[in-house]
Number of protein chains: 4
Amino acid sequence: MTRTGGRIDKRQAILDAAFAVFARAGFDAANVQEIADAAGVAKPTVYNHFQDKDTLFRAALAAAAEQVAAANLAAVARIAPDGDPRRSLTRAARALARRCCDEQSRALRTLTYAQLGRFPELLTDVHAVTAGRLADALADRLARLVVGGQLRHCDPAVVAEQFLALLTGPLERRSQLGTRRLPAAEIDAVADNAAETIVRTFA
Amino acid sequence: MTRTGGRIDKRQAILDAAFAVFARAGFDAANVQEIADAAGVAKPTVYNHFQDKDTLFRAALAAAAEQVAAANLAAVARIAPDGDPRRSLTRAARALARRCCDEQSRALRTLTYAQLGRFPELLTDVHAVTAGRLADALADRLARLVVGGQLRHCDPAVVAEQFLALLTGPLERRSQLGTRRLPAAEIDAVADNAAETIVRTFA
Amino acid sequence: MTRTGGRIDKRQAILDAAFAVFARAGFDAANVQEIADAAGVAKPTVYNHFQDKDTLFRAALAAAAEQVAAANLAAVARIAPDGDPRRSLTRAARALARRCCDEQSRALRTLTYAQLGRFPELLTDVHAVTAGRLADALADRLARLVVGGQLRHCDPAVVAEQFLALLTGPLERRSQLGTRRLPAAEIDAVADNAAETIVRTFA
Amino acid sequence: MTRTGGRIDKRQAILDAAFAVFARAGFDAANVQEIADAAGVAKPTVYNHFQDKDTLFRAALAAAAEQVAAANLAAVARIAPDGDPRRSLTRAARALARRCCDEQSRALRTLTYAQLGRFPELLTDVHAVTAGRLADALADRLARLVVGGQLRHCDPAVVAEQFLALLTGPLERRSQLGTRRLPAAEIDAVADNAAETIVRTFA
DNA sequence: TATGAATGAGCTTTCATTCAT
DNA sequence: AATGAATGAAAGCTCATTCAT
């Protein structure tokens, strides 16, 4: 009963395949036939769903950005609104840090950087989806901690921003813009440091 | 006395043209004919000098890296081995910061990042030429300042690294990986801050 | 009572849309999707009614030929079988001449000429429907004029043929094979001349 | 010693092949690969010489028009400036009429008509080269006949125009716009009639 | 050495046509 | 009967690269 056709299925399959192929080969070297093959559809089907290669690229990155954003938000959601903030924040920091360094996030950043010339708006757009929403959600959670008395009075937006900066800054630097894969222990260490600093300063 | 036909001249013209075209269009969009035109030679001449487009790309980036490196070293050379270290270091910092943000340096970084997939070794190579030598030379000068008593005892290599990190980190972040052009005042401010921090800490 | 879904309606809508699109774009440049859109149906519906694009083309031209033929016959029918032949023939000549120069007739001829290579039989077929029937009907009417004594004795078929030649020949030449739109006055003048010649010769 | 390369050779070969293929298949159905094959070159060579298919089409028709024009002029050149005008004109008329009905001339007209929609300027351009020059040259010769006393005083331009009209008009009509091939005898008859009419009227 | 000319390979895109519902 | 979705096939065009002079 599992129809393997279905317009939505194919669209999603194409988006996934496109992101994978683009991530592996880059925008120019990736060819549409390869994407179609990877998606298990014919080439014109790709063009039935997306006007051209450019549009497909943007859509694939947007979809990936959504997935990354969702994962990030899930990590934030796991910060308990009560209970020990150190544990919560550390756990969230580790989850975020790992997500930051996984294949998808790295590919998303790499592709965005590499195509800055051709798709200048991507940097902003992707950032808005991934980082913007994340900062907002994090600020929300922090606000509850403040209200609950676990965090001392502060501007949650500012603290959220700093928290994220403490995470991503070192990760980007150490991984050389996502070029090098970091060992899990190092990722956790960065996360722990970030959480520790925030807790010390604001708890 | 400048023969305009000399082999060396042509080679250099091709390298310059290649870098310019690559910088403007990116590796894939740039085509060899355009480079040949910009260099004022015929297309096969390009291939007489460079095996293929990849080789040309690497050579063009290497040449640009050399030029950037030379400029950077010149800035370092202007640090007086004696005299007021604050003035010296501030001047050097400004010179370096400006060089960091000029067209050539930005293009060099942009191209390197964008082609990480296809030319993975470029990041290391370019970095070695531009940043590595620079750090070395800077450490050398700092050592003389230490020896001369203008700087307190320290490991010059470490201080040099930190000095450069204080320069490039903020510049990269503020310019969004070289995407946005920074106003001169902001560049100088970053440079001044970096110098100030170093001087305060180590003078 | 005009159901807008009826099979016949759709078939006719498709034929009309097809002719319009073919007329505008030519056979090759016209695409079936565009025709379907113009007809307000889905593409497969077009294929439910017509085997393929070729068949559709032939059918669309045949339908247009029928319409042109009907209009031509109507013009001929208005020749009074009695009364002043000069007035009758002049009026009929003008009506025919105008019809000859309208969008539909011109498009029909243009398409037929342009696709002589791919659809060689069209020239004959279309001609039979438009010109053949017309000549016949005209000959019939002329015969009645002869019988009624308004025209002197002659072979009505020959006179009909000459009448039409006197109309279409100059119109084709002046309009450069239907390329240029003629002013109404010029069309009328050609018609008047044709009628005058016939009347002078045979009345 | 017969190099089969040579830029000019190839260009001409491409033009010839293009005209042949276009003549056989029409503009849309003809594909560039086929033309390249027929010319014995690779596809990109076609594009090295002509920007795109449109340009190639125009160039091929222009070249054919030149050839047709040259042949026509040659026929006119054979009108003796003295001697019996009836013989001269009849001979020229036959030569022109035959040329008018040969493959190349017919294909040139057919292609021009068929692509009026896409290349509206071709009709005028081709006509200027083939008919315009011809009428001029013919008028020149007729003028000499007038001066020599073989033709009575008249406007040579007018007579030339009428002469050509008497040739091409019937030929176009009888061959159904070049669709049907006429027997040689019929062609000659048309030519003879045209010459006879001119001679009777103006000799 | 430098070049005008040529080419093999490949890519994006389009379109007539057909399934499956 | 009508349609949303999918596809096979092909075409125009570009480009890195190489002959042959």
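Each chain gets a letter, A, B and so on, in the order its sequence line appears, and its residues count up from 1. These numbers come from a predicted model, not from an experiment.
Applying the salt bridge (charged side-chain N to carboxylate O under 4.0 Å, His left out) test to residues at least two apart or on different chains, the pairs with a partner in residues 26-38 of chain B are R24(B)-E34(B), D28(B)-R118(B). Screening residues 43-53 of chain B for side-chain hydrogen bond (donor to acceptor under 3.5 Å, both in side chains), with sequence neighbours left out, gives D52(B)-T55(B).
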*Quick one: what's the B/S/- string for nucleotides 8-15 of chain F, heavy-atom cutoff under 4.0 Å, read 5' to 3'?*
BBBSBBBB
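A heavy-atom distance below 4.0 Å to DNA chain E is reached by these residues of residues 34-41 of chain D, ordered by number: V41(D).
Applying the side chain to side chain donor-acceptor pair (under 3.5 Å) test to R106(D) and every residue at least two apart in sequence or in another chain returns nothing. S105(A) pairs by the side chain to side chain contact (heavy atoms under 4.5 Å, CB included) definition with V68(A), R99(A), D102(A), R109(A), not counting sequence neighbours. When the ring pair (Phe, Tyr, Trp, His ring centres under 6.0 Å) test is applied to Y113(C), no partner is found at least two apart in sequence or on another chain. The side chain to side chain donor-acceptor pair (under 3.5 Å) search around Q115(B) returns none, not counting sequence neighbours. Every residue was checked against the ring pair (Phe, Tyr, Trp, His ring centres under 6.0 Å) condition with F19(D), not counting sequence neighbours, and none meets it. With sequence neighbours left out, the side chain to side chain donor-acceptor pair (under 3.5 Å) criterion links E66(B) to R133(B). Residues satisfying the side chain to side chain donor-acceptor pair (under 3.5 Å) test with Q12(B), not counting sequence neighbours, are D16(B).
Helical stems involving DNA chain F, defined as 3 or more consecutive Watson-Crick or G-U pairs under 3.5 Å, span E:2-21 with F:2-21.
When rounded to the nearest whole Å, the span between CZ of F50(A) and P of dT13(E) equals 14 Å.
F57(D) has its side chain out of reach of F50(D): every pair of non-hydrogen atoms, C-beta onward, lies at least 4.5 Å apart.
In this structure, H49(D) reaches the dA6(E) phosphate: one of its side-chain N or O atoms is under 4.0 Å from OP1 or OP2.
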